[in-house]
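Take a look at the structure below.
Since we're looking at a predicted model, the values are computed, not measured.
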Amino acid sequence: MLGAPALSPSRSFTAFSSRFPSAQSPFSRRVVLMSVMDTKSSRVEFESAVIKPPFHPTYDLKAVIGLALAEDAGGVGDVTCMATIPADMQVEASFLAKEDGIIAGIALAEMIFNEVDPSIKVEWSQSDGNYVRKGMQFGRVFGHAHKIVVAERVVLNFMQRMSGIATLTKTMADLAYPAQILETRKTAPGLRLVDKWAVLIGGGKNHRMGLFDMVMIKDNHISVAGGVSNALKSVDEFLHQRNLQMPVEVETRTLQEVKDVLDYASKQKTSLTRIMLDNMVVPLPDGGVDVSMLKEAVDIINGRFETEASGNVSLETVSRIGQTGVTYISSGALTHSVKALDISLKIDMELALQVLMYTKLFGERFAFGL
């Protein structure tokens with residue numbers, strides 16, 4: 001359902017480099033290979049991918065790629081390519097980093113090219129999660145010019161967004177240490193798995209994938225249930241009645257709510273695994289933050305449950321939050337306020353024209369029996 005038959009890197013490169021002399025220039029090659037492992041659940045394994053996508057039981061990555069390509073083509077196709085590029089022109093194009101950052105989306109780019117034209121060959125000198133500097137060429141594409149240009153914008157849209165997420169995640173993860181950084185469900189609609197995959201590539205951890213894989217008791221649930229203890233009790237009964245096992249997190253907003261949660265857990269068996277400490281980081285007029293309430297909450301919990309700090313998390317505050325002893329720090333900004341990393345894909349026109357002239361000359365000589 002997802003992916004395609006594995007490409008043979010040796011055969012594909014040899015065949016192409018025989019027609020494209022410049023393709024033989026020194027370049028550390030790493031061709032991403034894909035294979036389908038479980039088509040029913042739409043799980044994809046990337047044999048060479050450094051970091052695999054997170055699991056989702058119903059997410060169809062191939063359908064997402066198809067939708068992205070279809071909205072670009074509009075049922076007609078690339079009219080500019082049809083008008084300006086010979087249908088049989090073969091080209092080489094290079095990926096170029098136009099700013100420093102963490103590259104992400106290499107494995108996904110391979111899927112997109114394969115969807116557009118399985119004969120396109122892609123080589124990489126970098127892997128997902130590697131740091132690239134401005135001006136670095138980190139990949140090359142070989143194939144029909146028309147098909148490469150059709151795939152170009154969709155590939156870059158995914159890679160630029162994923163690389164922006166990965167770059168911000170890496171920065172925040174380093175600052176947050178020893179706490180671990182999490183994203184939230186504040187992802188682009190339809191791109192949940194892609195956004196969360198980018199977080200993993202950047203060195204972060206995934207929060208719940210959706211509403212189905214973790215019980216997360218938040219303020220509205222607590223209000224309707226009549227208090228945090230009542231909400232916890234209802235969840236424990238629900239899971240027990242249905243014989244379900246999954247992580248359970250409860251949101252607390254005050255130290256008293258933290259104490260109420262601990263009091264409940266001390267009196268009966270509970271499925272609770274994590275306590276969220278929401279907005280316990282208080283902004284100060286001078287631009288700093290007061291983390292004393294958060295630190296006190298962590299001390300009260302004293303390792304009995306995982307802890308998660310949420311609210312007022314930024315590049316400026318995450319380091320201080322991480323020093324309080326919390327297990328996790330969650331930030332919606334990782335995915336909802338992402339700045340795309342600038343990447344380009346440029347065709348080597350000099351080589352393309354040489355190949356076109358060679359092809360035409362060969363065709364004429366063949367026609368005259370020379």
Any donor-acceptor N/O pair, S163 side chain to A104 backbone, under 3.5 Å: yes
Side chain to side chain, F305 and E249, heavy atoms closer than 4.5 Å: no
Carboxylate-amine/guanidinium contact E99 K134, below 4.0 Å: no
Donor-acceptor contact below 3.5 Å, side chain T327 vs main chain T307: yes
Step-by-step side chain to side chain contact (heavy atoms under 4.5 Å, CB included) determination, H207 to V199: CA-CA 10 Å; H207 211 306; V199 168; over 6 Å; no
Where L96 and G135 come nearest, the two heavy atoms and their spacing: CD1-O, 3.2 Å
Co-members of L182 in a cluster of I, L, V, M, F, W and Y side chains, linked at under 4.5 Å: Y328
Residues H146, M89; criterion side chain to side chain contact (heavy atoms under 4.5 Å, CB included); working and verdict: CA-CA 8 Å; H146 191 156; M89 176 177 268; over 6 Å; no
More than 12 heavy atoms from other groups under 6.0 Å of CG on D286: yes
Point-to-point distance, once rounded to the nearest 0.5 Å, from CG of L156 to CD1 of I112: 9.0 Å
Working for side chain to side chain donor-acceptor pair (under 3.5 Å), residues N157 and R153: CA-CA 6 Å; N157 282 350; R153 177 42 51 198; 3.1 Å; yes
Crowding at CD, Q245 (>12 non-hydrogen neighbours, <6.0 Å): no
Same apolar cluster: I65 and I106, side chain cutoff 4.5 Å: yes
Heavy-atom side-chain contact between I275 and E308 under 4.5 Å: no
Minimum heavy-atom distance P178-Q323, with the two atoms named: CD-NE2, 3.9 Å
Any donor-acceptor N or O pair under 3.5 Å, side chains S94, R140: no
Side-chain touch H56/L61, heavy atoms, less than 4.5 angstrom: no
Point-to-point distance, once rounded to the nearest 0.5 Å, from OG1 of T167 to CE of M172: 13.5 Å
Contacts of type ring pair (Phe, Tyr, Trp, His ring centres under 6.0 Å), residue F95, not counting sequence neighbours: W124, F138
Atom pair OG/CD1 of S330 and I181 - distance to nearest 0.5 Å: 7.5 Å
Same apolar cluster (I L V M F W Y, side chains within < 4.5 Å links), L334/L191: no
same_hphob_cluster(I165, V194) at 4.5 Å side-chain heavy-atom cutoff: no
Connected via hydrophobic side-chain network under 4.5 Å: I201 and L175: no
Check: E257 side chain, R253 main-chain N or O, donor-acceptor pair, under 3.5 Å: yes
Test item: S314 side-chain N/O and E316 main-chain N/O as donor-acceptor pair under 3.5 Å: yes
Pairs under 3.5 angstrom only: tabulate donor-acceptor contacts from the side chains of residues 288-299 to other protein residues two or more places apart or in another chain.
residue	atom	partner	partner atom	Å
D290	OD1	S292	N	2.9
D290	OD1	S292	OG	2.7
D290	OD2	S292	OG	3.4
K295	NZ	D299	OD1	3.1
K295	NZ	D299	OD2	3.1

Side chain R304, main chain I301, donor-acceptor under 3.5 Å: yes
Any donor-acceptor N or O pair under 3.5 Å, side chains T254, Q256: no
Any V132 side-chain heavy atom under 4.5 Å of Q126 side chain: yes
For residues 223-236, dump all side-chain donor-acceptor pairs below 3.5 Å to protein atoms at least two apart in sequence or in another chain.
residue	atom	partner	partner atom	Å
S223	OG	D219	O	3.0
N230	ND2	A225	O	3.4
N230	ND2	G226	O	3.2
S234	OG	N230	O	3.0
D236	OD1	T270	OG1	3.4
D236	OD1	S271	N	2.9
D236	OD2	Y264	OH	2.7
D236	OD2	T270	OG1	3.0

Heavy-atom donor-acceptor pair, K121 side chain to S119 backbone, under 3.5 Å: yes
Worked check of side chain to side chain contact (heavy atoms under 4.5 Å, CB included) between Y177 and Q180: CA-CA 6 Å; Y177 185 83; Q180 299 182 75; over 6 Å; no
Joint cluster assignment, L272 & F238, ILVMFWY side-chain distance < 4.5 Å: yes
Sequence-distant partners of N279, side chain to side chain donor-acceptor pair (under 3.5 Å), two or more places apart: none
H336 side, atom NE2; R185 side, atom CZ - distance, nearest 0.5 Å: 13.5 Å
Any H144 side-chain heavy atom under 4.5 Å of Q90 side chain: yes
Validation row: V215, M246 side chains within 4.5 angstrom (heavy atoms): yes
Steps toward side chain to side chain contact (heavy atoms under 4.5 Å, CB included) verdict (M214, M209): CA-CA 8 Å; M214 181 185 199; M209 180 61 66; over 6 Å; no
Salt bridge D213-R208, side-chain N to carboxylate O under 4.0 Å: no
Closest non-hydrogen atom pair between A93 and L345, with its separation: CB-CD1, 3.8 Å
Side chains of R274 and V248 in contact at under 4.5 Å (non-hydrogen atoms): no
With N312, the side chain to side chain contact (heavy atoms under 4.5 Å, CB included) member among V281, V282, D278: V281
Donor-acceptor under 3.5 Å (T324 side chain, R320 main chain): no
Spacing of M276 atom CE and E306 atom CD [to the nearest 0.5 Å]: 12.0 Å
Side chain to side chain, K98 and I343, heavy atoms closer than 4.5 Å: no
For T273, side-chain contact (heavy atoms from CB on, under 4.5 Å) partners two or more places apart: P247
Distance in Å, K62 NZ paired with E115 CD, rounded so as to fall on 0.5 Å steps: 4.5 Å
Salt bridge K259-D263, side-chain N to carboxylate O under 4.0 Å: no
